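Below, read A as the first sequence line, B as the second, and so on, with proteins coming before strands; counting in each chain starts at 1. Side chains included, hydrogens not; waters and symmetry mates left out as well; all remaining heavy atoms used. Keep in mind the model is a prediction, meaning the values are calculated, not measured.
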There are 2 protein chains.
Amino acid sequence: MPTTPDFPQMLRGAGLRVTRPRLAVLDAVHQHAHADTDTVIGVVRQGLPEVSHQAVYDVLRALTTAGLLRRIQPSGSVARYESRVGDNHHHVVCRTCGAIGDVDCAVGHAPCLTASDDNGFRIDEAEVIYWGQCPDCAAALRS
Amino acid sequence: MPTTPDFPQMLRGAGLRVTRPRLAVLDAVHQHAHADTDTVIGVVRQGLPEVSHQAVYDVLRALTTAGLLRRIQPSGSVARYESRVGDNHHHVVCRTCGAIGDVDCAVGHAPCLTASDDNGFRIDEAEVIYWGQCPDCAAALRS
DNA sequence: ACGCTTTACTTGAACGAGTCAAGAATGCCA
DNA sequence: TGGCATTCTTGACTCGTTCAAGTAAAGCGT
């Protein structure tokens with residue numbers, strides 16, 4: 001477990017002003033991995049009741065662009081955010097309930113993620129989403 | 001190049017009634033891989049001017065559920081459809097213009113797509129999206 | 001071929017995540 | 001501390017997609 005991140009420092013380091021909404025959003029996402037925007041708004045308002053949803057949208061975009069947050073959006077889901085950035089990890093998504101889990105890169109290096117035929121594209125990232133059933137939904141299906 | 005698919009047979013084989021809108025949608029997606037719903041509506045209306053957008057939405061869902069089409073939706077994109085189903089292929093997406101290309105499974109087998117830690121999930125599919133720049137956009141960026 | 005039942009389509013309204021725009025407030029630097 | 005750029009508030013709005021009610025048509029059995 002790393003020590004509690006220094007949010008103001010992170011913001012300044014990214015060239016962003018330190019504001020209460022931004023600190024609150026950073027904290028919310030650090031505490032609730034894979035939360036969607038609505039959840040973030042709810043968590044943020046527990047400590048800062050007057051923030052507008054627009055502010056949260058703006059902040060999430062600013063932090064994502066700055067690389068402090070990562071945005072993920074599996075098919076059929078709304079946008080979700082997580083604070084694990086800079087590492088090469090992927091996600092498992094439950095087809096039934098939408099639950100998301102983290103998955104470290106399948107192999108130490110990533111040779112399997114080099115496309116066999118890249119169509120001339122210049123590829124800079126391979127995103128992997130594992131689809132299936134979470135333990136709870138798998139159990140419910142079997143019963 | 002496979003022979004022209006027998007759309008009526010495909011529909012019947014999937015337990016679906018054969019209707020003009022369904023034939024038109026099947027044909028449209030076979031001719032325009034990775035088309036979004038709006039494009040499909042446009043193409044379908046070239047031969048069948050009176051179809052409602054709702055019908056196209058319904059048909060696309062029915063065909064996707066039946067396994068005759070595959071739906072893909074990269075982050076930040078609307079739903080897109082393709083007729084290549086049943087094989088294990090992935091996609092490259094241009095970050096700039098959204099263009100999509102097909103990519104065959106990276107390696108012959110898929111050992112790299114077995115999650116190292118599956119969080120107890122029962123995984124049935126690994127979806128890979130390669131992000132980058134298409135040839136045109138890469139060239140535009142460099143100039 | 002005919003009618004009947006079920007499934008599909010049309011029409012029109014509605015929903016919800018996300019965005020746009022204008023003005024007020026706040027952070028930050030000199 | 002003053003000034004200015006950035007950020008937040010407020011409120012309207014867009015757009016892809018879905019919902020609901022009624023009409024049309026596919027396909028089965030006779």
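Taking all atoms of both residues into account, the shortest heavy-atom contact from A:Gln73 to A:Ala79 is NE2-N, 3.9 Å.
B:His89 and B:Asp102 are linked by a side-chain donor-acceptor pair at a separation below 3.5 angstrom, with hydrogens and angles left out of the test. Residues A:His91 and A:Glu127 have side chains that never bring a donor and an acceptor to within less than 3.5 angstrom of each other.
Within residues 12-33 of chain B, the residues having any heavy atom closer than 4.0 Å to DNA chain C are, in order of number, B:Arg17, B:Thr19, B:Pro21, B:Arg22.
Looking only at distances, a side-chain donor or acceptor of B:Thr65 sits under 3.5 Å from a matching main-chain atom of B:Arg61. Checking side-chain atoms of B:Thr39 against main-chain N and O of B:Ala35 turns up no donor-acceptor pair under 3.5 Å. A side-chain donor-acceptor contact under 3.5 Å links B:Arg45 to the backbone of B:Val51.
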>> Counting primed atoms plus P, OP1 and OP2 as sugar-phosphate and everything else as base, spell out the protein contacts along nucleotides 11-19 of chain C at 4.0 Å heavy-atom distance: B, S or - for each nucleotide, 5' to 3'.
In response: BB----SBB
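The 12-atom threshold is exceeded at CZ of A:Arg84, counting heavy atoms of other residues, nucleotides or ligands nearer than 6.0 Å. The neighbour count for B:Arg122 CZ, taken as heavy atoms of other residues, nucleotides or ligands under 6.0 Å away, does not exceed 12. Heavy atoms of other residues, nucleotides or ligands lying less than 6.0 angstrom from CD of B:Glu50 number 12 at most.
In this structure, CZ on B:Arg70 lies 8.5 Å from NE2 on B:His34, to the nearest 0.5 angstrom.
The bend of the helix from C:dA1-D:dT30 to C:dA30-D:dT1, defined by the angle between the axes of its first five and last five pairs, stands at 40° to the nearest 10°.
Computed from coordinates, the B:Leu11 CG to C:dT7 P distance equals 16 Å when rounded to whole Å.
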